[in-house]
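Order of listing sets the numbers, starting from 1, for every ligand and every atom in it.
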Amino acid sequence: VSISETDNFVQLNQYRLMDEIGKGSYGVVRLCYSDFDHTNYAMKIISKKRVMRKAGLNLFCCLLFDNFTITVMITSIIGRPGDNGKNSGLENLQREIAILKKVDHPYVVRLFEVLDDPSEDNLYLVFELVDRGEVMEVPGKPLSEQTARKYFTDVVLGLEYLHYQKIVHRDIKPSNLLLGDDGRIKIADFGVADVFEGDDALLNKTAGSPAFMAPESLQNSRDKYSGKGADIWALGITLYCFIFGKVPFDDMNRMGLYEKIRTEETALNPQLEDLLLRMLIKDPNERITIKGIKILVKSML
Ligand SMILES: COc1ccc(C(=O)/C=C\Nc2cc(OC)c(C(=O)O)cc2Cl)cc1
């Protein structure tokens, strides 16, 4: 990887890096332009050190002699029982890249190239640019029902493809759904995705974003839970976000949030829906009255 800092932009091989267009726990995504094919791409920049640290690896120590940097990687993988160390940072990264190389579907983001200079901390993933970025902000402006249904259908087909390929995504949420100029959705971010054998992934650790975690993944029992089922739950929370512009379960405190996910009925309970429908009856003679509303609300409380 030849890196040149001329003027005020970075050139990586044929790619000229431009504005930052995405940011997350993984690192940043920058818009980049290729001199080869005169096309824009999205470049995800991942710090290998940060990935290692995040995976609970000990620090490596770097001894500097003269101008040589002899990096002695003294790492001890703090594996959790049953992890058999597969969660070390670089294994995570290799798994993510292997999955990205395997997927090929109109509703899943496409990886074109990986630029990895062993002597460099950064790893560069070159993706197709999905022009309009994240489908929506959460909390944010709800989508119209028609738009919500359109996007939801794309995600369902994209997720069906991933499950068919024996991949569970494990972090389905609006910020990982990118919107193209063609109005189609692409599922992105396989940072915590997993491949499985047989009919389903049997998981025992949580992953992804707390507000989208399935209740069965938050039980204190050691029982394993279905990876596909957890993706479907996250898809449900995502659809709720499309319609209401916010997540159904929220709490300042992580434990409080988990309790709500485990126990609280989804705010859109049938009675609320029933009340809404009765208030929105076109025919005023059929429409619910204040008296009727008070009876319904009382039965809801
Ligand atoms: C306003 O215009 C915009 C156009 C494109 C973007 C954009 O692309 C953002 C994130 N992109 C990505 C993120 C990923 O993970 C977190 C992955 C992955 O790891 O699969 C791939 C991509 Cl592309 C943003 C704004």
Check your understanding: Who pairs with Tyr161 by ring-ring contact (aromatic ring centres under 6.0 Å, His included), at least two apart in sequence or on another chain?
Key ->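 Tyr161 satisfies ring-ring contact (aromatic ring centres under 6.0 Å, His included) with His105 once adjacent residues are dropped.
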Review point. Near ligand 1, which protein residues have a heavy atom under 4.0 Å away?
Key: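 Its neighbours under 4.0 Å (heavy atoms only) are Ile21, Tyr26, Val29, Ala42, Lys44, Glu96, Val109, Phe127, Leu129, Val130, Asp131, Gly133, Leu178, Ala188, Asp189, given by chain and number.
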**Study point:** Residue pairs fulfilling side chain to side chain donor-acceptor pair (under 3.5 Å) with at least one residue in residues 249-260, sequence neighbours excluded
**Key:**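 Listed once each, the pairs are Asp251-Lys260, Arg254-Tyr258, Glu259-Arg262.
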Check your understanding: Can you get from Leu93 to Ile167 by hopping between Ile, Leu, Val, Met, Phe, Trp and Tyr side chains that sit under 4.5 Å apart?
Key ->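 Cluster IDs for Leu93 and Ile167 match.
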Only distances under 3.5 Å count here; give the side-chain donor-acceptor pairs of residues 24-33 to other protein atoms, sequence neighbours excluded, each with its distance to 0.1 Å.
residue, atom, partner, partner atom, Å
Tyr26, OH, Lys23, N, 3.2
Arg30, NE, Met18, O, 2.8
Arg30, NH2, Met18, O, 3.3
Tyr33, OH, His38, ND1, 2.9

Exercise for review: State plainly whether the residues Asp154 and Arg184 are in salt-bridge range, i.e. N to O under 4.0 Å.
Suggested key: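 Result for this pair is yes, salt bridge flagged.
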Exercise for review: Evaluate whether atom CD of Gln219 has more than 12 neighbouring non-hydrogen atoms of other residues, nucleotides or ligands under 6.0 angstrom away.
Suggested key: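 Enclosed.
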